[in-house]
2 protein chains.
Amino acid sequence: MRFQKERSAGFLANQMARLFAKGLQKRISPLGLAPAQFMTLLALWDEDGLTQSELVRRLDVEQATMANTLTRMERDGLIERRSNPSDGRSQSVHLTEKSKALQAPAIAEARAQNATALADFSDEEREIFLVLMRRAIAAMHGN
Amino acid sequence: MRFQKERSAGFLANQMARLFAKGLQKRISPLGLAPAQFMTLLALWDEDGLTQSELVRRLDVEQATMANTLTRMERDGLIERRSNPSDGRSQSVHLTEKSKALQAPAIAEARAQNATALADFSDEEREIFLVLMRRAIAAMHGN
DNA sequence: TATCATTGCATAGCATGCTATTCAATAGCT
DNA sequence: AGCTATTGAATAGCATGCTATGCAATGATA
C-alpha cells in the first residue's frame with residue numbers, strides 16, 4: 001500500500017531531469033544560454049532555417065512552448081525569424097552570428113554535464129541506460 | 001563534433017520526465033490533483049504534520065518551490081498550515097479529510113503510470129533502470 | 001544583555017511546459 | 001468561385017522550478 005518514491009521510475013525521472021537541467025544551466029548560462037534555448041539551437045546547428053513546426057516535431061514540445069522559446073531567443077539575439085515568401089503562415093528560423101559562435105563551447109558544456117552524470121557508469125551501462133530511457137519514452141508516447 | 005540528442009542522457013531524461021508528468025497529470029487531474037501536489041501528499045501520507053523545511057528535504061526541491069506548491073494546495077483544500085507554538089517561525093502542514101481520501105486512488109494512478117512506462121521491461125530491466133537513475137542522481141547531487 | 005548568525009518562510013521575477021483558444025493563410029472540394 | 005478543413009503561429013492562463021531577496025523569530029556569543 002505504501003508508495004516508495006525511491007522505487008518509482010516517474011519520481012526518479014523527475015528528479016534526474018531537474019538535476020540535469022540545473023547542471024546544464026550552471027554551465028551554459030555564462031554563455032548567455034538557457035537549457036531550452038540550447039536544445040533549440042542543437043536542431044538549428046544541425047539544419048539552419050527550419051520552421052517553427054519543424055522544430056516542434058524535432059524537439060517534441062508543444063507548439064506554444066516553442067513559440068515562447070523562440071520569442072525569448074529572438075529577444076536575446078540568438079535567432080532571426082524570416083517570413084516565407086511561398087507560404088504566408090510560416091516563418092523560417094535562422095541562426096545569428098552570435099548563436100553560430102556558441103556551437104562548440106555550448107556542446108562542450110553539455111557533454112561535460114552528461115559525463116558528470118554518468119561518471120561512474122561503464123560503457124555498457126551507458127548504452128543500457130540510453131536504451132532503457134528510449135524504450136520508456138516510446139512506451140509513453142501517445143498515452 | 002555533431003551532438004546527437006538521441007544519445008544524450010540529459011536530453012532523454014528531460015523528454016522522459018515530461019512524458020511521465022504529462023501522463024500522471026492526465027490520470028490524477030480528475031481527482032483534483034496536480035503532479036507536484038501528489039508528490040507532496042506522498043510525503044504527508046507517510047507522515048502527517050511535517051514542516052515545510054522537512055518537506056523540502058524529503059522531496060529535494062527548493063524552499064521557494066515548496067512554499068508555492070503548499071500555497072496552491074491550501075487554496076485547493078488539500079492541506080492546512082498550523083502554527084507551531086514552540087517555534088514562531090515554523091508551521092506544520094496537515095492533511096485534510098479531502099486529501100486523506102485521495103491516497104488510495106492517487107497512488108493507484110501513479111502506479112499505473114509507472115507500469116505504462118515500463119510495460120515492456122523485464123523485472124531485471126526495471127531494477128537496473130532504477131539503480132542507474134539513482135546513480136546518475138547521486139553523481140549530480142551537489143554539482 | 002546587546003549583537004550577530006542562523007533558520008523558516010514568503011515574495012518577486014523569470015524560464016519552461018502544458019492546455020485551450022484564436023486568427024490568418026492555404027488547400028481541397030463541390 | 002465559394003465553403004470548409006487544415007495548417008502555422010500567437011496569446012492567455014496556469015503549474016513547476018529556480019535564483020535572489022527580504023524579514024521575522026531564534027540561537028549563540030562576546
Side-chain angles (χ1 to χ4, degrees), chain A residues 10-11 13-30 32-40 50-57 59-76 78-79 81-93, chain B residues 10-11 13-30 32-40 50-57 59-76 78-79 81-93:
Chain A
F11 187 89
N14 173 276
Q15 200 178 341
M16 180 170 68
R18 286 189 290 114
L19 287 167
F20 265 115
K22 204 169 166 177
L24 182 62
Q25 168 147 39
K26 184 172 275 187
R27 288 174 189 277
I28 63 178
S29 64
L33 282 184
Q37 297 180 338
F38 171 70
M39 293 305 176
T40 306
L50 295 171
T51 64
Q52 185 184 120
S53 59
E54 283 167 331
L55 285 168
V56 163
R57 264 171 245 130
L59 298 190
D60 199 38
V61 294
E62 295 300 319
Q63 174 267 322
T65 299
M66 182 53 69
N68 287 326
T69 296
L70 290 175
T71 296
R72 285 188 294 271
M73 292 176 77
E74 196 168 34
R75 177 201 64 190
D76 297 346
L78 298 168
I79 57 155
R81 282 154 152 152
R82 294 187 202 152
S83 54
N84 183 341
S86 71
D87 188 334
R89 291 168 299 184
S90 73
Q91 298 171 289
S92 51
V93 178
Chain B
F11 187 89
N14 173 276
Q15 200 179 340
M16 181 171 67
R18 286 190 289 114
L19 287 167
F20 266 114
K22 205 169 165 177
L24 182 63
Q25 168 147 39
K26 183 173 276 185
R27 289 175 189 277
I28 64 177
S29 64
L33 282 183
Q37 297 181 339
F38 170 69
M39 294 303 176
T40 305
L50 295 170
T51 63
Q52 185 184 121
S53 60
E54 282 168 334
L55 285 167
V56 163
R57 263 171 245 130
L59 298 189
D60 199 37
V61 295
E62 295 299 320
Q63 174 267 323
T65 299
M66 182 53 69
N68 287 327
T69 297
L70 290 176
T71 296
R72 284 187 295 272
M73 292 177 77
E74 196 168 36
R75 177 201 64 190
D76 297 346
L78 298 168
I79 58 157
R81 282 154 151 152
R82 295 188 203 151
S83 55
N84 183 341
S86 70
D87 189 333
R89 293 166 300 183
S90 73
Q91 297 171 290
S92 52
V93 178

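Residue numbering restarts at 1 for every chain, and letters A, B, ... go by the order of the sequence lines.
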Under 4.0 Å protein heavy-atom contact, by nucleotide of nucleotides 4-12 of chain D - B base, S sugar-phosphate only | ---BSBBB-
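Take Arg89(A) and apply the salt bridge (Lys or Arg N to Asp or Glu O under 4.0 Å) test, not counting sequence neighbours, and it matches Asp87(A). Residues passing the salt bridge (Lys or Arg N to Asp or Glu O under 4.0 Å) test with Arg57(A): none are found, sequence neighbours excluded. In this view, Ser83(A) satisfies the side chain to side chain donor-acceptor pair (under 3.5 Å) rule with no residue, not counting sequence neighbours. When the side chain to side chain donor-acceptor pair (under 3.5 Å) test is applied to Thr51(A), the partners found at least two apart in sequence or on another chain are Ser53(A), Glu54(A). Residues meeting the side chain to side chain donor-acceptor pair (under 3.5 Å) test with Asp60(A), sequence neighbours left out: His141(A), Gln15(B). Looking at residues two or more places apart in sequence or on another chain, you find no salt bridge (Lys or Arg N to Asp or Glu O under 4.0 Å) involving Arg72(B). Scanning for side-chain contact (heavy atoms from CB on, under 4.5 Å) contacts around Gln91(A) gives Arg81(A), with sequence neighbours left out.
Map Asp76(B) and Gln25(A) each onto its nearest nucleotide of DNA chain D; the residue landing nearer the 5' end is Asp76(B).
Nucleotides of DNA chain C that come within less than 4.0 Å of any heavy atom of chain A span, from the 5' end to the 3' end, dA15(C) to dT26(C).
Across all strands, Asn84(A) comes closer than 4.0 Å to no nucleic acid atom at all (heavy-atom distances).
With no hydrogens or angles considered, no side-chain donor-acceptor pair links Asn84(B) and Ser92(B) at under 3.5 Å.
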